[in-house]
Amino acid sequence: ADSSREMRQVAIVDIKGNVASFTGSKCIQVAKHIKGKNFSVQSNMMLGDSVCEFMKKAFLSSAQLPFVERILLALEAGQAAGGDIRGMQAAAILVVPGRFTPPWEKTILDLRVDDSPQPLEELRRLYNMQLAYDHMNSGDLAYEKMNNLNLANEKKDITEAMNEYNAAMRLFPENLEMQFWTAVTLANNKQINKALPMFKKIFVRNKNWKELFRRLEPAGMLTISKEDIQTILSL
């Protein structure tokens with residue numbers, strides 16, 4: 001019914017895996033699409049003619065990776081094949097569940113870069129940051145479980161928490177918050193010698209973290225001695 005349909009490009013993949021793609025005859029070249037099992041890649045105003053082929057190959061060859069990672073790899077492959085003839089400006093990924101969910105669970109991931117000279121690099125940075133915070137949250141849950149349940153699994157839970165915190169820091173090493181809570185967890189679990197150099201480095205970079213540490217004890221978030229608290233605050 002669209003009178004300008006030959007200028008349009010659209011692709012749909014439904015929840016049953018049916019795929020429909022359309023590239024109008026008046027789309028600015030290079031414009032094309034490729035359909036596959038449970039996916040479609042499409043492009044228009046491309047510099048070269050192999051963007052869709054590169055996107056398809058990247059998506060199919062990464063089947064073992066998380067869905068969002070596969071989308072990122074496909075976008076990066078398309079850019080490596082020449083990308084948009086106009087250059088780069090924006091990029092976005094929105095992932096939602098394929099089922100009815102309560103409102104607070106309707107979005108799995110929503111990342112967007114509206115204006116950047118390197119939008120794909122920024123999109124991947126935001127994705128890595130999201131993964132890092134996911135690891136931090138998992139570490140926090142393991143730490144909470146250790147404090148709220150019996151001590152039988154304490155060693156297992158602290159190991160799990162530290163593994164998650166370390167994974168977060170590897171993904172986002174410059175983030176002081178991740179370093180801070182990792183140091184707090186180490187201190188609370190009798191590993192003060194490992195925590196001290198981390199606290200020192202954090203406090204040098206931003207003294208506000210020392211003030212935040214000072215406020216943890218009244219909130220019941222420290223299980224270390226008064227002496228250890230003063231040692232940390234003296235850094």
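Numbers for residues simply follow the sequence, beginning at 1.
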Do Leu73 and Leu171 belong together in a cluster built from hydrophobic side chains that touch within less than 4.5 Å? no
Restricting to salt bridge (Lys or Arg N to Asp or Glu O under 4.0 Å), what partner residues turn up for Asp84, sequence neighbours left out? Arg86
Going by side-chain heavy atoms closer than 4.5 Å, which hydrophobic residues are tied to Ile28, directly or by a chain of links? Met45, Leu47, Ile85
Rounded to the nearest 0.5 Å, what separates atom CE in Met88 from atom CD in Gln118? 4.0 Å
Please round to the nearest 0.5 Å and tell me the distance separating atom CG of Leu212 and atom CG of Leu176. 11.5 Å
Sorted by chain and number, sequence neighbours left out, side chain to side chain donor-acceptor pair (under 3.5 Å) with Arg5 holds for none
Using the test side chain to side chain donor-acceptor pair (under 3.5 Å), find all partners of Lys194 that sit at least two apart in sequence or belong to another chain. Gln191
Going by the rule side chain to side chain donor-acceptor pair (under 3.5 Å), which residues pair with Asp110 if we only count those two or more places apart in sequence or in a different chain? none
Consider only side-chain heavy atoms of I, L, V, M, F, W and Y, link residues closer than 4.5 Å, and tell whether Phe22 and Val19 are in one cluster. no
If we ignore hydrogens and angles and just use 3.5 Å, is the side chain of Glu217 paired with the main-chain N or O of Arg215 as donor and acceptor? no
Residues at least two apart in sequence or cross-chain that pass ring pair (Phe, Tyr, Trp, His ring centres under 6.0 Å) with Trp209, listed by chain then number, are Phe180
What's the separation between atom CG in Leu65 and atom CD1 in Ile71, rounded to the nearest 0.5 Å? 12.0 Å
Honestly curious: do Phe67 and Leu60 fall in one hydrophobic cluster under the side-chain, below-4.5 Å linking rule? yes
Of all residues at least two apart in sequence or in a different chain, which pass the ring pair (Phe, Tyr, Trp, His ring centres under 6.0 Å) check with Phe39? Phe59
Output for pair (Leu109 CG, Ile93 CD1), nearest 0.5 Å, gives 6.5 Å
With a 3.5 Å cut-off and no angle check, do the side chains of Asn175 and Gln179 form a donor-acceptor pair? no
Contacts of type ring pair (Phe, Tyr, Trp, His ring centres under 6.0 Å), residue Phe203, not counting sequence neighbours: Phe199
Does Tyr133 belong to the same Ile/Leu/Val/Met/Phe/Trp/Tyr cluster as Leu123, with side-chain heavy atoms less than 4.5 Å apart forming each link? yes
Please enumerate all residues that pass side chain to side chain donor-acceptor pair (under 3.5 Å) together with Asn193, with sequence neighbours excluded. none
Value for NZ (Lys226) from CG (Leu233), rounded to nearest 0.5 Å, stands at 11.0 Å
According to salt bridge (Lys or Arg N to Asp or Glu O under 4.0 Å), does anything in residues 50-63 pair up with another residue at least two apart or in another chain? List the pairs. Lys32-Glu53
Which is it for Phe54 and Val51 under the side chain to side chain contact (heavy atoms under 4.5 Å, CB included) test, yes or no, and what are the steps along the way? CA-CA 5 Å; Phe54 272 67; Val51 169; 5.9 Å; no
Show me the pairs that pass salt bridge (Lys or Arg N to Asp or Glu O under 4.0 Å) and involve residues 175-185, at least two apart or across chains. none
Salt bridge (Lys or Arg N to Asp or Glu O under 4.0 Å) involving Arg124 - partner list, sequence neighbours excluded: Glu69, Glu76
Side-chain heavy atoms nearer than 4.5 Å, only ILVMFWY residues, links allowed to pass through others: does that put Met178 and Met221 together? yes
Which distance, rounded to the nearest 0.5 Å, do you find between the CD of Glu211 and the NZ of Lys207? 10.5 Å
